[in-house]
Structure formats: structure tokens, C-alpha cells
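When a ligand or atom number is given, it counts from 1 through the structure's own listing order. Note that this is a predicted model, so its numbers are computed, not measured.
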Amino acid sequence: MNEVVNVSAQGDIAVVTVDSPPVNTLTREVRAGLKAAFAFLRDRKGVKAVVLACAGKTFLSGGDMREFDTGVQEPGYHEVLRLIEDSPVPVVAALHGTVMGGGVETAIACHYRVAQAGTKLGLPEITLGIIPGAGGTQRMPRLIGLEPALDMMLSGKPLSAADAAKVSLVDTAVDGDVTTAAIAYAREIAAEGRGPRRTREMPVAGADRAAEILAARRAQVAKTYRNRNSPNVILDAVQAAVELPFDAGIVRERALSNRVERAVEGRAYRHLFFAERELRKIPGLPADVQSRKVAKVGIVGAGTMGGGIAMCFANAGIPVAIVDAKQEALDRGLATLRKNYERSVTRGSLKPEQMESRLALIRPSLDYAALGDADLVIEAVFENLALKKEIFARLDAVAKPGAILGTNTSTLDIDAIAAVTQRPQDVIGLHFFSPANVMRLLEIVQCAKTAPDAVTTALDIAKTIRKVGVVAKVCYGFIGNRMMDPYGREAERCVMEGAAPEEVDAALEDFGMAMGILAVYDMAGVDIGHLTRVERAHLLPKDPSFYRPSAMLTERGWLGQKSGRGYYRYEGGKRTPDPEVAALVRAEAARLGVPQRKPSRQEIQERCLYAMINEGARILEEGVACRASDIDIVYTAGYGFPGYRGGPMFYADTVGLKVIYDKIVEFGRTLDPQYWQPAPLLERLAKAGGSFAQWQAERKI
Ligand code: NAD
């Protein structure tokens, strides 16, 4: 039919096969091929049934994300799906692989569905801030009923073939080759004289209770999807499926779908989707660099981070040697690791035998010689430069030639660490986030002398352990923690000015941050940040109110969750506001002469976020981050920044850089001017009416 879709005959069964690697996306070409194939088959005599199948690793995996911003080219989804559904003979979809979004919408426009065991079927649009817009909101409730359809659309989570069969999303789940099974199934249908079974003609099961069901779901999404609109729009579209005839419902779905696609939420998620695909493009890195092989990993330090990092590799089936200075530390580390795995077993996400095989991959040792055959060694000992230098000198002596030597330092100068070795080209920062086995972000810190193939290897490693690797350059705090510094500074300053800690956190959580920063400090240990500031005191502002609340809490031993109180009190694991902290800080503010003004919720948000964005602009200009969108990935993957706002730099563009610049200038007048100098890049872009996105596009990395 065309390059990517062909039609063949298996006796009186026609097989339409899509072969568009790598994942059979529903591109314009695939849609055109399907249109031609089904138009051709409509007039074919002798065809008793049609099987729609895909070559390669999956059935149609989903719609073409690129078309959201360019507009869908002809033929559109509806036209093609309508043609399939209108087929005068039964159409059987042969499903395998990961079938998402438009792939599922195509499958449910077919008349019957056969799925290979292991197939996943989902409508993940909600995770992209959009709605199923190729008939999914109209056909799915008709096919599987109102409640199961809402479960799929509002969770975005895929169903297994077996679960899909339970809700009649698939007719049968089979082992073995699915195309062969679908052909046999089609033959059976034809023999039994069962004709096309069109989803659009089915009544919606549960429609009689629709008002009650939809109201309950609306209440639920208001709670679980703060600041989001697309979940409500999904409910609007599904309501149309209940209330309107199919064709009118499709018209309504299209109008709703167009609206959400253009809205910030949808644009933000698409921005992040494409931003991830840019991460491997690093200036100065030749395109043809060959990565090094990493089959064995070594870790130094069996503490919080070392243990979590070991799990990441064991989960990927890679053997790990873990070395610590003390037997007790090793024992404690291994016990924590086991406990973490046991929790997954109890939850049912891991089988006991999987736990054992993963634990068997982790070999503890007190001897650095155990690291001798590792292709990659990651150091995760205490945050102390002298200690890290000593360890890198030892690693230089024991590690095999070509082994990559990574450090998990959050703040230290990795160039200085690299300099103690004879192989600075192999030294790199691998900054994991806590808990390392859970958090998706991996900051990869490229030092002055890091070899290109060490960087690409680190990017490959990130992928292997299912993380998103973002390359940064050496500076204090790299991308993430450096931008957190002014953000936290303003949060603490707001407390000094009279806002209660819980008010500051509530303002940030209202904006959409996963957790308020002061609660984050309590979780990580208030002393952690404080101690780094003590060490760097000579580099920091001479302002006695700078991060003063954290200092006061540390002085009192109120270190957060680990000591039962910090910014909050923790009793029975519950976080409750502590008026004593607010009073204490207020007294200190009076002593230091900090004016009391109780910033509003909006002001708290603007101060924290604009300070962060301003630092982001500096990082960009310095080249610490290659792209504005890299910063967005760091923040959404590692710092709880809401994906529906697209990350701090995308968010800044949506607010308007001029608005942010003007506010920063205003804060320079009304607050402490030493903290409110607009970054030169922000100033230039704001004055020229530009955006970070435009700046990035023009640089063409
Ligand atoms: P931790 O105190 O939990 O663990 C450190 C471990 O290193 C201990 O088990 C200790 O016995 C071991 N150790 C000390 N000296 C050693 C030596 N000479 N040889 C071998 N082992 C030695 O610390 P952590 O929280 O896991 O932090 C480790 C590193 O990760 C630090 O650089 C820290 O800044 C960084 N980091 C921590 C976090 C976090 O949230 N905890 C997040 C990102 C990065």
C-alpha cells in the first residue's frame, strides 16, 4: 500500500501489516498506508476477514508527538479509524508489545482484539496533559464500560493483556505468535458468520449511574491532580460519550482535545518529552564516540547513597562490589538494602527469588582490591574533599586501566578530585539523588579533563539503570543544588520576615512543588545544608540573616525528622507545625533588625521561583547546563517541580521573561538588593522580548 503498510492474503483472510520501525508510531505515512489498505480491501471480493498486525517489537505504539505542534497532517486519525471500523468484514487487531494512546484507539476501532501475553495497553494521555483524542474517550467507555474506561484514562496506567481481557478490552490473550493466532481467530469468526462488531454502536455500560460516577471522579481529580485541567477535560469528554450519539461525541472530543493540546499543561509535558531526547547532544562531543563497556561496577561507601546506587545496578542485573572502611558500616548497609528489597516483596512488586538474585549480585568487602575488575567505580563516602582525594588516589592505584571513576559528591570540586589521579580523563561526577534507587535523575558532571567517551558511557549507564542523565559542568552545586540555593534562601528569608514555615511550604506546594522546601530540609537533615554553608562561609554573603533559621535549628539539634523536630514536629511519624520555631525565628529577626512584613502566598512563590530562575539564567550563560530544557529535566525529574509547568525555565517563558525581570528589579528595590540582581542573560532576553526556548533554538547545539 505504501512503504510502511502492506496487505497480504492468507487464504480468504487479508493481513494488513504495518512495518515502521522502531515502534510503529502512527505517523502520517502509517495513517496513509492504513487508509489505502482499508480502502482497497473494502471493495475486495472473497475477503472474509481482515487482521491488522504489526512487524517488529510492538503493535502501533501511539500517535506522533511531533504533530501536536505542527498540526495533524492528512489523513487524520478519525478518517482512518472510521474506515477501519466501517469495514464490511470483521477486522481483528493482533496486539503485542506496548500499545499506547493512538495505538489503543486504533485497536478499539477494530472489531475484535487478540493480544499476546505480555502486551501492555494504556491510554497515558493524562500524563502528557492531553486527552485521548482519536475517539478513545468515546469508544473506550462503550467497549469496556464507564468505570473501567475512567480508571484507564484517569490513571494513565497500562493494563496487562490478562487484565485487558478481564474488562473485555481484548477478546483473547494468547501465547506464541500473535499474528498467526489472530488469523486463526479471524477464520473462526468468519466461519461462525459473526460480522463486524462496531464499538461505536455499543451502549455505555454504567451510563445509568453516570451522574453519580462522574461527580465522584470530579471530586477525586480535584484532590489528586492539583492545578491540572486535562483530567477534568477527560471527564467532560467521557460525559459526552454518555450523553451524545457517537458522531456528536466525536465532534465534542475533538473540540476538547484541541483546547488541551494548546494549553500550557499539554505544551509543558510535550516540552519535557522532547527535552529528554536532546540530552545526549553535548557541545564538543563528537557524534561517533564509542562508549565503554560496563559489565561490573564497584562502589565505595555503603551508606545511604552507596546502598541505593548498588541497588540500581543490581536491579539492572549488573554485579556490584561494595567497599566500606568498617565492617559495621558494611553490615548496616547490606541490612538496609535487604530491608528495602523486602519492602518491595511485601508490596508485591518484587518476587522473593528476584530479591535473592539481586542481593547475590552485591558483594561486600573491606578490601579495595575487590574494585580491581570493575569497569566503573562510584565513590559515595562522606562529603569531605580531603577524604575523597585520598580515596581517588587509592582508586587510581587499584582500578583497571580505562575504568571510569565516578564521584557522587553533591558540592565538591571534582576537578580537584580528578587532579589527584593519573587519569583525570576517566573521572566524572555521577550525582545520584536520595533515595538513589527511586529518584530518576542522574546529574553527570563533566570535568575539565573528562574524556568524551566517559561522558557517553555515563549517559548509557543512566539509561541502563533507568534514569535520566543530564550533563552538567563543574561548579558549586552543579545545576540542581546551585539553583536550590537562592530558592531556599528566599524561603528562609520569608520565615525571618514573619511567615510561618508551614505557610511558606503551603505556598510552594500550592504552586505544585511535590514538597515544601522546609519540609524537604527536615527530611534530608537541616544540618546537611548548614554544614556546607559553614565550610563555604568565606564565599557566602556577610548577611547575618542568610539561612539563619537553618543555622538556629542546627545549633539546637533540631535537625528534622531524624531528631523528631526541625522546622516541624514529628510525632508518630506525623508532621505538625511548631509555633515554637516561628516564635524563635521572630525573636532572632527582631535581634537582627529584619523588618516584619509577612509576605503573601504569591510573594513567597515569586521570590522563591524567580530567584531560582534567575540562577538558572546564570547557569545557562556560564555553560554549566547546555540547554534551558536540560534544567527543566533536572528539576522535574529530581526536585519535585511540577511537570505540568514544564520545569523552571519553561515556566519562566510562560510567565514572560519581562514580567520576571521587572519583578526581580522591583525586589531589588524593596528587598535586599545584594540578592536581586537580574542575570545578564535574563535581562537581555527580557528587554528583547525573547524567551529561553528561542535562545536555545537559536544556539542549535
Ligand atoms: P553516609 O554517611 O550515609 O555514608 C558514607 C559511607 O562512607 C559510610 O558507610 C562510611 O563508613 C563510608 N566511608 C567513609 N570513609 C570511607 C573510606 N575511606 N572507605 C570506604 N568507605 C568509607 O553518606 P551518604 O548520605 O550516603 O553520602 C555519600 C555521598 O553522597 C556524599 O558525598 C554526599 O554529599 C552525597 N550525596 C548524598 C545525598 C543524600 O541525600 N544523602 C544525595 C546526593 C549526594
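The protein atom (non-hydrogen) at minimum distance from atom 40 (O) of ligand 1 is S434 CB, 3.2 Å. The closest protein non-hydrogen atom to atom 2 (O) of ligand 1 is F382 CE2, 3.2 Å. Scanning the protein for heavy atoms near atom 8 (C) of ligand 1, the closest one is D324 OD2, 3.5 Å. Among protein heavy atoms, atom 30 (O) of ligand 1 sits closest to N408 ND2, 2.9 Å. At the shortest separation from atom 36 (N) of ligand 1 among protein heavy atoms lies S410 OG, 3.3 Å. Protein heavy atom closest to atom 19 (N) of ligand 1, with residue, atom name and distance, is Y368 OH, 2.9 Å. Protein heavy atom nearest atom 26 (O) of ligand 1, with residue, atom name and distance: M305 N, 2.7 Å. Scanning the protein for heavy atoms near atom 34 (O) of ligand 1, the closest one is E383 OE1, 2.8 Å.
The presence of a protein heavy atom under 4.0 Å from atom 15 (N) of ligand 1 is confirmed.
Salt bridge present: E497 and R607 bring a charged side-chain N and a carboxylate O closer than 4.0 Å. We find that D460 and R280 are joined by a salt bridge, their nearest charged nitrogen and carboxylate oxygen being less than 4.0 Å apart. A salt bridge is defined here as a Lys NZ or Arg NE, NH1 or NH2 lying under 4.0 Å from an Asp or Glu carboxylate O, and E580 with R565 meets this definition. D426 and R292 are joined by a salt bridge, as a carboxylate oxygen and a charged side-chain nitrogen come within less than 4.0 angstrom of each other. Salt bridge annotation for R618-E621: absent, with no cationic side-chain nitrogen under 4.0 angstrom from a carboxylate oxygen. A salt bridge does not link E390 with K388: none of the charged nitrogens is closer than 4.0 Å to a carboxylate oxygen. A salt bridge links D375 to K400: at least one charged side-chain nitrogen sits closer than 4.0 Å to a carboxylate oxygen. Using a cut-off of 4.0 Å between Lys/Arg side-chain N and Asp/Glu carboxylate O, E379 and R394 are scored as not salt-bridged.
A ring-centre distance under 6.0 Å is not found for H271 and Y269. Residues F650 and Y644 keep their aromatic ring centres 6.0 Å or farther apart.
Ligand 1 has an N or O atom lying under 3.5 Å from an N or O atom of T304, backbone or side chain. Distances between N or O atoms of V300 and those of ligand 1 include no value under 3.5 Å.
Every atom of ligand 1 is numbered from 1 in the order shown, and the set under 4.0 Å from a heavy atom of A329 is 9 (O), 11 (O). Each of the atoms 43 (C), 44 (C) of ligand 1 lies under 4.0 Å from some heavy atom of H431. Within ligand 1, counting atoms from 1 as listed, the ones closer than 4.0 Å to a heavy atom of F432 are 42 (C), 43 (C), 44 (C).
Looking at T407 against ligand 1, nothing comes within 4.0 Å, counting heavy atoms. Contact annotation for F433 and ligand 1: no heavy atom of the residue comes within less than 4.0 Å of the ligand.
Heavy-atom separations between E390 and ligand 1 are all 4.0 Å or longer. Heavy-atom separations between K388 and ligand 1 include at least one value shorter than 4.0 Å.
Of the options Y547, Y521, Y567, a side chain to side chain donor-acceptor pair (under 3.5 Å) to E492 is made by Y567 and by none of the others.
Here the side chain of R277 pairs a donor or acceptor atom with the backbone of F273 at under 3.5 angstrom.
Considering only non-hydrogen atoms, atom 13 (N) of ligand 1 lies nearest to V381 out of V381, L387, T532.
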